[in-house]
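Here the structure is laid out as structure tokens; the discussion comes afterwards.
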Amino acid sequence: MAITPSSAQAFTLTGSVETFTGDQAKVDYWLTEVNGGVQFDFKVDTSINIGDLRGIFLNLNNADLISGITASANSNPFADINDRNFYSINTSGRNNDFFTDSSGGLIDLGGGNNLQGGGNDSPADGYHLAFNIGQQGLRGGNSDFQATSFTLNHSSQSLSLSDFAESVFGVRLMSVGDNRQGSSKLAGTTPTVDVEPEPEPEPTPFPTVVPTPLPTPAPTPESREVPEPVGILGLVGLATTLTRLRRRHHS
């Protein structure tokens, strides 16, 4: 079993499930939180080997939530997957593709769609959730699926990546390899939800105290000295004396 976690966005888990028994194969997956639910995207890595998706087996960390789980199909999110090779799960009627078991007993959906075997390398005794994809055999190329996408919701609460983190997933592939005669059973464990903590807010700086300027003192008015009375009398006497002298001189 192997898992390849990536440093994806804070609200997405990505990884791969790989062969624990059968022909070598690899299936990549993406789990993304969307509108209170979790979207699951699965795609066969055809660079390793082509194969036909037949079953997907999931575990939920809190088995008490199983009774409220619902599934809905998504449109094809893969630009490199032809719609003919993309499977939309059916969740209604007699051909319902979605199965649940709160005891974790899902491991065989019939028609060879199971994860039994593998001896000591077997990934788990059972699963909580399982999806039956397509039919056994390629049937003229009309049942050759390399991808699927669906969303899980709960009837009374939001689901998050933490509900599926560090959880065992399994995938069943048929018609594996160039000759389409092989078979593979794959499993892996989802990575830990590693959300970066929010940065602590910078402390609010203390306001700078600007001192209130002192008022500018009013200018002191210029002093205008008033002559003392004695000085005035002296000046009057001097003027009188000068006047008399002028009269004598002219007479």
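Sequence positions, counted from 1, serve as the residue numbers for this chain.
Distance alone, capped at 3.5 Å, is enough to place a donor-acceptor pair between the Asn90 side chain and the Asn95 backbone. A distance-only check finds no donor-acceptor pair linking the side chain of Arg54 to the backbone of Asn132 [under 3.5 Å]. Between the side chain of Thr32 and the backbone N or O of Gln39 there is no donor-acceptor pair closer than 3.5 Å. At distances below 3.5 Å, at least one donor-acceptor pair connects side-chain atoms of Gln146 with backbone N or O atoms of Gly51. For the pair His154 (side chain) and Leu65 (backbone), a donor-acceptor distance under 3.5 Å is present. Side-chain atoms of Asp52 come within 3.5 Å of backbone N or O of Phe145 as a donor-acceptor pair. Panel note: side chain Ser143, backbone Gln135; a donor-acceptor pair is recorded below 3.5 Å.
Applying the salt bridge (charged side-chain N to carboxylate O under 4.0 Å, His left out) test to every pair with at least one member in residues 158-168, sequence neighbours left out, gives no pairs at all. Residue pairs meeting the salt bridge (charged side-chain N to carboxylate O under 4.0 Å, His left out) criterion with at least one member in residues 33-43, sequence neighbours excluded: Lys43-Asp80.
The side-chain heavy atoms of Phe164 and Phe40, taken from C-beta on, include a pair separated by under 4.5 Å.
Classification of the Phe78-Trp30 ring pair by plane angle, with boundaries at 30° and 60°, yields tilted.
Remark: the Asn74 side chain and the Thr151 side chain contain an N/O donor-acceptor pair separated by less than 3.5 Å.
Salt-bridge annotation for Asp28 and Lys26: present, with a side-chain N of the basic residue lying under 4.0 Å from a carboxylate O of the acidic one.
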